[in-house]
Undergrad: 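Shown below is the structure under consideration.
These numbers come from the heavy atoms of this one structure, side chains and all, not from hydrogens, waters or symmetry mates.
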Amino acid sequence: MLLDDLGAPVDLPFAPQRVVSLVPSLTEAIAASCPDVLVGATDWCTHPADLDVARVRGTKNPNLSAIRGLSPDLVVANKEENRELDVRRLREQGVAVWVTDIEDVPTSLLAMRRLFGEALGVTTPDWLERADELWSAPPAAPRGRVAVPIWRDPWMAVGPRTYTTDLLARLGWTNVLAGPDADPSDRYPHVELDRIDRDDIDSVLLPDEPYEFTADDGPEAFTQVPTQLVSGRLLPGYGPAMAEAHEVLSRG
């Protein structure tokens, strides 16, 4: 009997041949590594662009009947992205669920090694070896202070104890909303605009997901700090995006 990242038992008597992923980053990771096993994913799973699998609604409101109808050997979920209620209901209905727990770069690398090696029973993919190599390097020297909004009206941003904050810190960027005065339980706080539009911030990073910030929607709100449009896939995207994130954001 295997144990997932939360210590829950997962009965996998054989390597899964039918997998449903409820996590966009892990969907991309599985599609890049063992695509033949992936039979279902959420509507939010947009990478790779040509992904052709059954859709099972969202990460927070998955269609449990549709998932069961796909007869999966395994459902892949995440502690932050998916509801414990949905995981429990699937398990009560006899569906094996593997829950990952990711809060920073090291736990993401470990979680994916366990997912592929233990749960899926496949060789560690090349992209994961490359990501492990890049992110095992010592953190970069301090480069500046940033804020990362993820929504507007109301404004929300990345806070403490998040994968994105740790990723940026390893590249030399300090998240101004993750300092010692931040509430560690409020990982994606609602903020007033003036909290992140300040002249003591070097840059505001505007991702294109989950809110789709564009050149015409986002930068115009900031008058005190420069903004930079970035691919949302690179910031919270543990998976194949990790190597690309290191290369792209290191130049930022």
Undergrad: How about Tyr238 and Val23: do any of their side-chain heavy atoms sit closer than 4.5 Å?
TA: yes
Undergrad: Can you tell me how far the OG atom of Ser21 sits from the CG atom of Leu74, to the nearest 0.5 Å?
TA: 9.5 Å
Undergrad: Under a 4.0 Å N-O cut-off, is there an ion pair linking Arg113 with Glu129?
TA: yes
Undergrad: Can Arg233 and Glu244 be counted as an ion pair, charged N to O under 4.0 angstrom?
TA: yes
Undergrad: With a 4.0 Å cut-off, would you call Arg152 and Glu220 a salt bridge?
TA: yes
Undergrad: Can you measure from CD (Glu81) to CG (Leu22) and round to the nearest 0.5 angstrom?
TA: 9.5 Å
Undergrad: How about Glu192: does its CD atom have over 12 heavy atoms from other parts shown lying under 6.0 Å from it?
TA: no
Undergrad: Given the rule that I, L, V, M, F, W and Y join up when any side-chain heavy atoms are under 4.5 Å apart, are Leu177 and Tyr211 in one cluster?
TA: yes
Undergrad: Of all heavy-atom pairs between Ser25 and Pro236, which one has the smallest distance, and what is that distance?
TA: OG-O, 3.6 Å
Undergrad: Out of curiosity, Arg143 CZ to Thr174 OG1, how far, rounded to the nearest 0.5 Å?
TA: 11.0 Å
Undergrad: Using residues 103-112 as the side-chain source, report each donor-acceptor pair under 3.5 Å to any protein atom, sequence neighbours left out, with the distance given to one decimal.
TA:
{"unit_1": "Glu103", "atom_1": "OE2", "unit_2": "Arg161", "atom_2": "NH2", "d": "2.7"}
{"unit_1": "Asp104", "atom_1": "OD1", "unit_2": "Thr107", "atom_2": "N", "d": "2.9"}
{"unit_1": "Asp104", "atom_1": "OD1", "unit_2": "Thr107", "atom_2": "OG1", "d": "2.7"}
{"unit_1": "Thr107", "atom_1": "OG1", "unit_2": "Glu103", "atom_2": "N", "d": "3.1"}
{"unit_1": "Thr107", "atom_1": "OG1", "unit_2": "Asp104", "atom_2": "N", "d": "3.1"}
{"unit_1": "Thr107", "atom_1": "OG1", "unit_2": "Asp104", "atom_2": "O", "d": "3.0"}
{"unit_1": "Ser108", "atom_1": "OG", "unit_2": "Val105", "atom_2": "O", "d": "2.6"}

Undergrad: Charged N to carboxylate O below 4.0 Å: is that the case for Arg130 and Asp126?
TA: no
Undergrad: Indicate if Val75 and Leu51 have the same hydrophobic cluster label, given that clusters are the connected sets of ILVMFWY residues with side-chain heavy-atom separations under 4.5 angstrom.
TA: no
Undergrad: Under the side-chain contact (heavy atoms from CB on, under 4.5 Å) test against Leu235, which residue among Ile150, Thr162, Thr165, Thr164 passes?
TA: Thr164
Undergrad: Trp44 and Gly58: which non-hydrogen atoms are nearest, and at how many Å?
TA: CD1-CA, 3.9 Å
Undergrad: Apply ring-ring contact (aromatic ring centres under 6.0 Å, His included) to the pair Trp155 and His190, showing each step before the final yes or no.
TA: CA-CA 6 Å; Trp155 288 92; His190 287 82; over 10 Å; no
Undergrad: Can you tell me how far apart CG (Leu90) and CZ (Arg68) are? Round to the nearest 0.5 Å.
TA: 7.5 Å
Undergrad: Calculate, to the nearest 0.5 Å, the distance between atoms CG and CG belonging to Asp5 and Asp101 respectively.
TA: 6.0 Å
Undergrad: Please give me the minimum heavy-atom distance between Met1 and Pro9, naming the atom from each residue.
TA: CG-CB, 3.7 Å
Undergrad: Using modelled atom types only, decide if a donor and an acceptor are shared between the side chain of Asp4 and the backbone of Val99 within a distance under 3.5 Å.
TA: yes
Undergrad: Write down the atom of Arg55, the atom of Asp43, and the distance for their closest heavy-atom approach.
TA: CB-OD1, 3.2 Å
Undergrad: What are the two closest heavy atoms between Thr27 and Cys45, and how far apart are they?
TA: OG1-SG, 3.0 Å
Undergrad: Check for me, please, whether Leu206 and Trp151 land in the same ILVMFWY cluster - side-chain distances under 4.5 Å, paths through other members count.
TA: yes
